[in-house]
Amino acid sequence: MSKIIADHVVVEVRYPVNDSFIITLRSPVDIPDILPGNFAEIQIENTTGVFLRRPFSILDVDYESRMISFFIKIIGKGTKKLGEAKRGDKVSLIYPLGNSFSLPEPGKKVLIVGGGSGIAPFVLLGRNLKSNNNDVTFLIGGKSKKDVLVSSLFSGFGKVLTTTEDGSAGEKGFVTGHSLFKSGNIHFDKIYSCGPEPMMKAIGKIANRNGIDCEVSLENMMACGFGACLCCVTETIEGNKRVCKEGPVFNVNYLKWRI
Amino acid sequence: MSKIIADHVVVEVRYPVNDSFIITLRSPVDIPDILPGNFAEIQIENTTGVFLRRPFSILDVDYESRMISFFIKIIGKGTKKLGEAKRGDKVSLIYPLGNSFSLPEPGKKVLIVGGGSGIAPFVLLGRNLKSNNNDVTFLIGGKSKKDVLVSSLFSGFGKVLTTTEDGSAGEKGFVTGHSLFKSGNIHFDKIYSCGPEPMMKAIGKIANRNGIDCEVSLENMMACGFGACLCCVTETIEGNKRVCKEGPVFNVNYLKWRI
Amino acid sequence: MADLRVNIGGLEFKNPVTTASGTFGNGEEFEDFFDLDLLGGMFVKGMTLEPREGNDYPRMAETASGMLNAVGLQNKGVDHFIKEIYPRIKHFDTHIIPNINGSTVEDYIEVAEKLNEIETIPAIELNISCPNVKAGGMLFGTSCPSAIAVTEAVRKAYDKVLIVKLSPNVTDIAEIAKGVEGAGADSVSLINTLLGMAVDAEKRKSVLSTVTGGLSGPAVKPVALRMVWQVYNAVKIPVFGIGGIMNATDAVEFMLAGAAAVQVGTANFIDPQIPVKIIKGIENYLERHHFDSVSELTGAMEI
Amino acid sequence: MADLRVNIGGLEFKNPVTTASGTFGNGEEFEDFFDLDLLGGMFVKGMTLEPREGNDYPRMAETASGMLNAVGLQNKGVDHFIKEIYPRIKHFDTHIIPNINGSTVEDYIEVAEKLNEIETIPAIELNISCPNVKAGGMLFGTSCPSAIAVTEAVRKAYDKVLIVKLSPNVTDIAEIAKGVEGAGADSVSLINTLLGMAVDAEKRKSVLSTVTGGLSGPAVKPVALRMVWQVYNAVKIPVFGIGGIMNATDAVEFMLAGAAAVQVGTANFIDPQIPVKIIKGIENYLERHHFDSVSELTGAMEI
Ligand SMILES: Cc1cc2nc3c(=O)[nH]c(=O)nc-3n(C[C@H](O)[C@H](O)[C@H](O)COP(=O)(O)OP(=O)(O)OC[C@H]3O[C@@H](n4cnc5c(N)ncnc54)[C@H](O)[C@@H]3O)c2cc1C
Ligand SMILES: Cc1cc2nc3c(=O)[nH]c(=O)nc-3n(C[C@H](O)[C@H](O)[C@H](O)COP(=O)(O)OP(=O)(O)OC[C@H]3O[C@@H](n4cnc5c(N)ncnc54)[C@H](O)[C@@H]3O)c2cc1C
Ligand SMILES: Cc1cc2nc3c(=O)[nH]c(=O)nc-3n(C[C@H](O)[C@H](O)[C@H](O)COP(=O)(O)O)c2cc1C
Ligand SMILES: Cc1cc2nc3c(=O)[nH]c(=O)nc-3n(C[C@H](O)[C@H](O)[C@H](O)COP(=O)(O)O)c2cc1C
Ligand code: FES
Ligand code: FES
C-alpha cells in the first residue's frame, strides 16, 4: 500500500447539523484505493493545545476529481479549528491508514449499526456492500432528531432505521433497544458497528448471542496513526495490537472484551 | 494611569509596503489618553511558537471612534500571523504601557530620527510637537525606497528627509551620514530616535557631541510588558531599569551606553 | 456556593488561588487589572538580605509553550521591602507572602528574622530552588542534607507559617520534601523552574546572558503534576501546586493530583486578570461536580 | 557541498540525523514515506531479553507542545528481533542500532551478547532511562553507581560501539555521563523522556494507565539543550542530542550546544518525512554559514 502525505486544498466545509461538518479536500496527486474503514491523520496547525495529528475515518472519495471527504464531530480544540477551515486553505493529510471491514459473500444480509461520528466509514462500506449485492440495513442512533439527520447519507445503499434517545425521530431509546433486536429472530449474516464503545460492546453481545459475525471499528487515542509509536493498542486474544495498524477494524471475538 | 485589557475588533489591515502593515482596531471601551512612546501588548493566539504577548508602539489613536492603530514590520511568526488578521477578528490588547517622550518648550527645534519599525511612535510625537509649536524635522532611514515610503505619514507635522542604503530614495547611506549632520553645525534643541540599536547609539553620540538633549525608545525582549517580570531591563546609571515600565523612552545619558 | 477556603499550616486562605513569586512583582502592577483583595494570597518577588542587580540582559527567551528566565533575584533587599514596599501594599486584604533567598544559611536566617517581626505577614516562602543565581539558590534545594539544614535553621528563626519551595531539578523530589517536612516546614510549594537553555542558531550564541535559565509555563505542567503527586503521597503537610497553570482546569488538575492550593505564575504575563478567572472557574467546577468544599479536590484523583 | 559525515566512537555516520528509539518502529512503517537509506542511522524500538506486552491502554496523553507516553517497552524480545525483524530491515543502507533494556544487569548482558554476534549491527544503545517500566529501566540511569555498573558489565559483553542513553530525571546528568564514560561508553545519548503526568479533570482520573509517563516533544527542548551542553562540557566522548527536535534549526541548536549528532523522535509522528527535511535543512545552514563540515558545529556556541 502506498501512502500519501501531502497538503490538500479545502474545497468545502458544510454543516449538515450544528456540531458536525463534512469537509471536502482536493489531493494534489492521484488518490490510491481507499477501503471502507481506512482513515487519515489530519494535521491541524496553529491551534493552541493541539500538537499531534488527528485521526478521522474517510467518509468518501472521488478518484476522478481527486476529492476526499470526512464527517467530523466537533468535540475539542482540533475539530473546532478544522471546522473553521475556509475554501482554499491547505491541510496536510496522511492516508490511507489502517485495515478495513471485510465483505461477506454476495447476497448475504448485513446490519450496520452506528452512532455519533462513528458513522463515517459506512458510506464507503455501504457502497461496497451494495456493489457486492448484499442486502444492507443501517441502524443509526443519536440523542435527538438532528443527530440522525445524517442517516440520509446511507439511503442509497439500503434500508435506514433510526433510534433517538428523546424519541424525536425513529424509535425511542438506544440502538440496542431497537425492535429489530426484540423480535427474537435476527436474520443477519454479519453485523458492522462503529461508535461509542459501550454501544459497540452491546452490539457485539447481541451478535455473539445470535451467532452472527461482527466487526467493530475502534477509536483509540493515537500519537502517530501509522504503527510507529505503539500508543494505540487494544488487548486481543493474541496480545496487544495496534489499533492504527492491525485495526481499527476488529472482529469482536478477536478482542478481549468482556461482553 | 488606568489600563485597558480587552478584545479589540480588527477594522482594517493594510500593507503600505510589502513587509509591514498598519492594523487598525476598535476598542470596546473609551480609550484613555495615549502619550507618544506608549505601547501595547498584543496577544497573538493559535500560533505555533508564539506563547507570550508581543509589544508594539501605538501608531495612532482616534478617541472619538475608539480606534487604535499600529505599524508593524513582519519579522517572525507572531507578526506574520497578526498581519493575516481579517476585518472582524478579535485581538486582545493591553495598553497604554510604558512612559513617553518628553516635549520640549514651545518653539524649540527638534529632530526625529527613525528607521525600520522604529518610526511607529513618531506620528503621535509629531502631532504633539506640532501642537506644541515646535519646528520638527523627520529623518527616516531604510534599506531602499520602499522602506522609507511610510515617511509620508509624517509630512503633516514637519519637514521629512530620508536616506536609503542603496540610494533609491533620499540621500544614499545611513541616517547618521545625512548631510544634516555633516554641516558641522546642527541647530536642534532636542533629538528623538527609535530604531535599530546601532542607529540609536550613533545618533546618541552625535547628540552628545553637539550637546543636544536626546531621547531614545528601546525595544528589549519583554515577557509581560507591564513591570511584573523584570526580564526587559537595561543598564542605567541608577542600575537595571525595566524598559517596559521606566522606559521604553530613556535619555541617552541615563543609559549606560558606551557611546 | 462551595466553600473555597483552604488551610495551610493553620493559616486560612480565602481561596486556593495565589500568585507565584517573581511573576507578580509586588502586586502593584496588577492593581490596574483587578482587585487584589480577591486573591487567596500573593507570593511577592524573591528577596535577599542585600540588594541585588540580577543578571545581565538578555534575561528571557520564549520557548515552545513556555519561557526561560534568568532574572537572578534582582531586588532591593529585605530592608527596602519592609520599609518601602510593604507599607504600600499591606492594605490589600490577602496574605502577602515574601519569598526569601540567600547565598548562605546565615543570609536566609537574617531575612527570616527580619520578616518575623512584621506582625501582619503571616508566612514566608523559603526559596531553595532558584536556578538563576551563582551561589546558594538551587544548590540548597538539590541536595537533601542542605535542604534540611537551611529549613531547620530558618524554622528556628521564624515563628509563623514556613513554606519551602522545592526545586524540580532533582532525582527524587519526594525525598527532599520528606526531609524539609521533618525539618519543620509547614508546607512545600513546587515546582520552581526547570533548568533549561536556548540557543540562537543564526547568531550561534546562547540566548540568555547566563546561558541557562529557568523554564516555566504550560510546557512544564506534566512534570509539575507528577512531582506534586509524588510529594503529596510522601508527606503529610499541604502542597502548593505550581507550574504552567493557565486556567481553572489546570488548577483543578493540580488539586486532584494532591495540591491543597495553587500558585499561578507565567500565566499572569499573558493575562494579568487570570487569577480571578481561575477562582471563578474553580467555583464553577465545584458546582458542576457537586462539591461542598474546594479542599475535597485535594488528592481526589482516581488512578 | 559541506561534509555531513560524523564519527561516533570510530563509527562513521553518513550524516548526523538519526531517528530515536521507540519513535520509528523498526523503520518499516516509514518506508511508505521516504528512502531510509538517506538516514544517518536508525535507533530501533527498545528491546528486552524476553517478550513484553507493555503497559495497559491508555498509553498516551497530549500535552502543551508535547506528549506523554507509557508504552512500557512492548516488544517481542531480542531473539525475535534477530530472527524475524532484522533480516527484513538489514538491507537498508544505514546504521541500524538496537536500543537494549533490562530489569537486571544480567538481562542487559544477555541482550548485548546476542547482538554482539550480528556482524552488520555496528552499535547498540544501552537504555538506562526508560521511565515506563516497573523494574530496572530508569532506576539504572538515576544513580551514578548503578549506571556505571550496568555500563561496565555491558562493555565487557559487547565489542562494538556502545552508546549509553541517559535519563534527564536526575540532579546531575554530567556526573552520570562522566561515570558511564569512565565505564567504557563510546558515546552518550540524551535526553530520554522527562517523567510527567496528566490528569483528566472532568473524569477526576489520571489519563495514563500507569499514572506517570515520559514527556517528549518541543516542550522538553530547553531542558534537553541544557543537559547536552552540560554533558558536552563534562565528557570527551561524543553526544547524541535528543529532545523536541522538530526541524533543522532545532538540530543545529543541539549541535551548537555540543551534540555530535542528533536523534529525531516525536517529530516523526507528525511528519514522517521530517528526518530528510532536517538533513536538507542542515546542508542549507552549513552553506549559508560557510562551514565545510557539519562537525564544525559541535559545541560552536558562543556564550
Ligand atoms: C481511527 C479513528 C477514526 C476516527 N474517525 C472519526 C470520524 O470519522 N469523525 C469524527 O468526528 N471523529 C473520528 N475519530 C475521533 C477523532 O479523532 C477525535 O474526535 C479527535 O481527535 C478529537 O480532536 P480534538 O482536538 O477536537 O479533541 P481534543 O481537544 O483533543 O479532546 C477533547 C476530549 O476528547 C477526548 N478524545 C479525543 N480524541 C479521543 C479519542 N480518539 N478517543 C477517546 N477520547 C478522545 C480527549 O481526551 C478530550 O477529553 C476517529 C478516531 C480514530 C482513532
Ligand atoms: C516597546 C516596544 C515597542 C515596539 N514597537 C514596535 C512597533 O511599533 N512595530 C514593530 O513592527 N515592532 C515593534 N517592536 C518589536 C516587536 O515587538 C517585535 O518585532 C515582535 O515582538 C516580533 O514578534 P514575532 O513573533 O514576529 O517574532 P519572533 O518569531 O518572536 O522573533 C523573530 C526574531 O526576532 C527576534 N526578536 C523578536 N522580538 C525582539 C525584540 N523585541 N528585540 C530583539 N529581538 C527580537 C527574535 O529573537 C527572533 O530571532 C516593539 C518592541 C518593543 C519592546
Ligand atoms: C520571570 C520569573 C521570575 C521568577 N522569580 C522567582 C523568584 O524570585 N522566586 C521564586 O521562588 N520563584 C520565581 N519564579 C518561579 C515561579 O514562581 C514559578 O515557580 C515557576 O515560574 C513555575 O510556574 P509557572 O509555570 O506557572 O510560571 C520566577 C518565574 C519567572 C517566570
Ligand atoms: C512513544 C515513544 C516511545 C519511546 N520508546 C523508547 C524506547 O523504547 N527506548 C528509548 O530509549 N527511548 C524511547 N523513547 C524516547 C525517545 O527515544 C526520545 O528519547 C524522547 O522521545 C525525546 O525525544 P523527542 O522529544 O524528539 O521525542 C520513546 C519516546 C516515545 C515518544
Ligand atoms: S498510533 Fe502510533 S502505533 Fe498506533
Ligand atoms: S517585560 Fe516584564 S518587567 Fe518589563
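Below, chain A is the first sequence line, B the second, and so on; all start at residue 1.
- Of the residues considered (P218(D), S206(D), A300(D)), S206(D) shows the highest number of contacts with chain C, using heavy-atom pairs under 4.5 Å.
- In this structure, V252(D) and A201(C) approach most closely via the heavy-atom pair CG1-CB, 4.0 Å.
- Proximity to chain D (any heavy atom under 4.5 Å) is restricted, for L68(C), to the side chain, taken from C-beta onward.
- For the side chain to side chain donor-acceptor pair (under 3.5 Å) test with T171(D), the passing option among T142(C), N169(C), T171(C) is T171(C); the others fail.
- Heavy atoms closer than 4.5 Å to chain D are found nowhere in F254(C), neither backbone nor side chain.
- In this structure, the separation between CG on L208(D) and CD1 on I303(C) is 12.0 Å, given to the nearest 0.5 Å.
- Contact annotation for L215(D): only side-chain heavy atoms (C-beta onward) come within less than 4.5 Å of a heavy atom of chain C.
- The two residues A257(C) and M197(D) have their closest heavy-atom pair at CB-CE, 3.7 Å.
- V170(C) touches chain D through backbone and side chain together, each having a heavy atom under 4.5 Å away.
- Among T212(D), V220(D), T63(D), L194(D), the single residue meeting the side chain to side chain contact (heavy atoms under 4.5 Å, CB included) criterion with V223(C) is L194(D).
- In terms of heavy-atom pairs under 4.5 Å with chain D, the best-connected choice from A224(C), G244(C), G196(C) is G196(C).
- With chain C as partner, the option from D172(D), T249(D), V211(D) having the largest number of non-hydrogen pairs under 4.5 angstrom is V211(D).
- By number of non-hydrogen pairs under 4.5 angstrom with chain D, the leading residue of L256(C), D250(C), V228(C), L195(C) is L195(C).
- With a 4.5 Å cut-off on non-hydrogen atoms, E202(C) touches chain D through its backbone and its side chain both.
- Under a cut-off of 6.0 angstrom, the local environment of CD in E287(C) is sparse, with at most 12 non-hydrogen atoms contributed by other residues, nucleotides or ligands.
- A 4.5 Å side-chain heavy-atom check between K205(D) and E302(C) finds at least one atom pair inside the cut-off.
- Among A198(D), G213(D), A219(D), P222(D), the residue making the largest number of heavy-atom pairs under 4.5 Å with chain C is P222(D).
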